[in-house]
Number of protein chains: 2
Amino acid sequence: MTALSDRKKRILAAVVADYIQTAEPVGSRTVARSYRIGLSSATIRNEMADLEEMGYLEQPHTSAGRIPSQKGYRYYVDHLMAASELGGDEEETISRYLGLEKMREIEQIIISAVRVLSSITNHTSMIMGPQFKKSTFRQMRILPLDEQRGLVVLITDSGFIKNKVIDLYQSLSSSELHQVVSYLNQKLFGLTIDQVTASLINELKRDLFRRLEILEQAFILLEESLKEEQQVRVFLGGTTNILNQPEFKDVEKIRRMLALFEQESLLFKILENNLGEEDVVVKIGRENPFEDIQECTLITAAYKINQKTLGTVGVIGPTRMDYSRVIGVLRCLVDNLNRTLNL
Amino acid sequence: MTALSDRKKRILAAVVADYIQTAEPVGSRTVARSYRIGLSSATIRNEMADLEEMGYLEQPHTSAGRIPSQKGYRYYVDHLMAASELGGDEEETISRYLGLEKMREIEQIIISAVRVLSSITNHTSMIMGPQFKKSTFRQMRILPLDEQRGLVVLITDSGFIKNKVIDLYQSLSSSELHQVVSYLNQKLFGLTIDQVTASLINELKRDLFRRLEILEQAFILLEESLKEEQQVRVFLGGTTNILNQPEFKDVEKIRRMLALFEQESLLFKILENNLGEEDVVVKIGRENPFEDIQECTLITAAYKINQKTLGTVGVIGPTRMDYSRVIGVLRCLVDNLNRTLNL
DNA sequence: TTTTAGCACTCTAAGCATTAGAGTGCTAAG
DNA sequence: CTTAGCACTCTAATGCTTAGAGTGCTAAAA
């Protein structure tokens, strides 16, 4: 890639910045007038024609201004964008929303986070709930409820508590129960949930089966419970915000986007795709492997519990997005989230 | 209200039925041709003019056909509508969706129900999750997790299991804990959750305080936990279905509707409003006290767990809705739901 | 050689007039 | 009381015109 001249950079930056603000194609006159480049519109026109040929700008039709191409946005994000300065109020809003609620459950915190994120950025935002299977087993309990039923409680290091009512067809003395449970705790302690594989469960079952046939039922259900939890919840906020964007004035586009938002499993895949990454990741348009959002930009960041990356928080909107601001907000939110979740 | 002549009834029924299907104003010719009334279009024209004067029909503009007014729909629902006959497949779909999953948690069942409902009716549907506060206390447990923390587990008769990690700043012997917990169980057993008022809790606290100051913390958190749960979840399905309706081709209307769907607390109020009612309730347009949905029809039905009405399931769409079908589907769904939930 | 002013050209979006079609209401005849 | 016929009304679609924004090119200026 040939490097852009300083002048071209300034002009590209001006076009992107203006288009982000106005959502209208930007003409040479506008650039000359509003962005003290110190050149006449004719000169800028020539430069813009060059930038178009190089693929950084596009023209909706011959007699319109230019708009940034996806390549143009990418260049802007990588080289031209000013580091975002959050307004003090925004930073405060975020930390207040998340800070207030120290005693609440993890789910509540996540919901607050997704709300504040969408309301500050004015885009749809989503958070992948902490991945149960990546957290490590801490302890398991079985509470007898009555003669026929018991409650299995499973606790992990990142504050997950899963429970499930199970049928115990034969009644079970409490000492027997205690024995089994402490054996399981001993075997499972410190494993992450996705290390509790079917084969491990089978092994344990064999061990115990000789001694206690009665727990067969409980095991089936424990297995199921683990399987079930593979699907992680994705929380959404501000889904209607896409309606504010002029690029979504077409009902058909709206429908497709909203339909996407209803498919939790797809959202999960999209977010999981960016899970490993450090810091903030920006995927512009077709940089994203998922077809349905190739007209959008997705900006994500990972959050951690106990030093482990357990989930992703993201903002999705049209490629015409205030990158600098959204990145700043997202970074700030993740910082706060990490602090809150690791209390 | 003067009774309608038989002929007027037949014509009104034809107009409503046709408009429900086509979403286009219905002209006298169409009625004469398609609905074997045995009258010419001119006669029907006269009758339709009468029906308009009586308030059952409306005219979008002079040279258009008629559409039913809200009063017209009401008359149709009360007097004209054929009892719905569900197709066998639909009934099967419903019971398969809900039946398959006998072992799942209540939340999962509710989510399945809302999905199947929206996909069969092609409207947005919503279910108010079971009201925690209307179910009765069955038992409470406290599991010590480590020296500093314990897990409070609360179980009710309708299968609710609430849990919360609490801090126990002083360590507590297990016999003391046992004592307190069994005292609480004894006092609370059989009360509904909203009978567990602040004053009752205070009383209990006084009783126990003399003996065990250490549980102070636990109490604060139990109180909180109860307060928190006042807000019941509302589950939504098929929110994008409103986009299929021609009456929502305007982006502004879509925005308002979707914004409504994001306000869980308002949805809750709307559904709660119809909680006491028996069987299926149809609220057409302005019959509904909530302004935001006065262009819509809301059809609701209550479901029960242990003979107690704990929640409501509803379908919302434009007033032009296939009443007979939706009512049939809803009735069938609630039957199935009742059966599944009371296993 | 680079920049700029000027101008012809292109394309869109908005406004306006025209028209086809659907449906009505009224009147007069059956 | 019913119906055929007809004039009338209103909408939605179509085509035409125009204003405006912006471009690309050329030739003059720096």
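Only this structure's heavy atoms are used, side chains among them; waters, hydrogens and symmetry mates stay out.
- For A:R66, a side-chain nitrogen or oxygen approaches OP1 or OP2 of D:dT23 to under 4.0 Å.
- Per the geometry, CG belonging to B:D50 stands 10 Å off P belonging to C:dG25, to the nearest Å.
- Using a 4.0 Å heavy-atom criterion, one finds that B:A42 contacts the bases of the nucleic acid, with or without backbone contacts as well.
- A salt bridge does not link B:K253 to B:E247: none of the charged nitrogens lies less than 4.0 Å from a carboxylate oxygen.
- If you measure from atom CG of A:L39 to atom P of C:dA5, you get 11 Å, rounded to the nearest angstrom.
- For the pair A:I67 CD1 and D:dT23 P, the computed distance is 13 Å after rounding to whole Å.
- Minimum atom distance to the side chain of A:T30 is reached by D:dG22, of the listed D:dG22, C:dG23, D:dT23.
- Applying the 4.0 Å criterion to OP1 and OP2 of D:dG20, one finds that A:S63 has every side-chain N and O outside that range.
- You'll find a donor-acceptor pair under 3.5 Å spanning the side chain of B:R45 and the base of C:dG25, going by distance alone.
- At the heavy-atom level, A:T62 lies under 4.0 Å from the strands shown only through sugar-phosphate atoms.
- Closest approach of A:L12 to A:G72, counting heavy atoms only: CD2-O, 4.4 Å.
- With a 4.5 Å cut-off on side-chain heavy atoms, B:K269 and B:S265 do not count as touching.
- Between the side chains of A:E262 and B:T239, at least one donor N or O sits under 3.5 Å from an acceptor N or O.
- Map B:P60 and B:N46 each onto its nearest nucleotide of DNA chain D; the residue landing nearer the 5' end is B:N46.
- Note on B:S41: nothing from the nucleic acid sits closer than 4.0 angstrom, heavy atoms only.
- A:H61 places its NE2 atom 12 Å from the P atom of D:dA21, with the value rounded to the nearest Å.
- For the 3.5 Å distance criterion, the side chains of B:Y323 and B:T297 qualify, holding a donor opposite an acceptor.
- Under 4.0 angstrom from either OP1 or OP2 of C:dT4 there lies at least one side-chain N or O belonging to A:S40.
- Rounded to a whole Å, the CG atom of A:L57 is 15 Å from the P atom of D:dG22.
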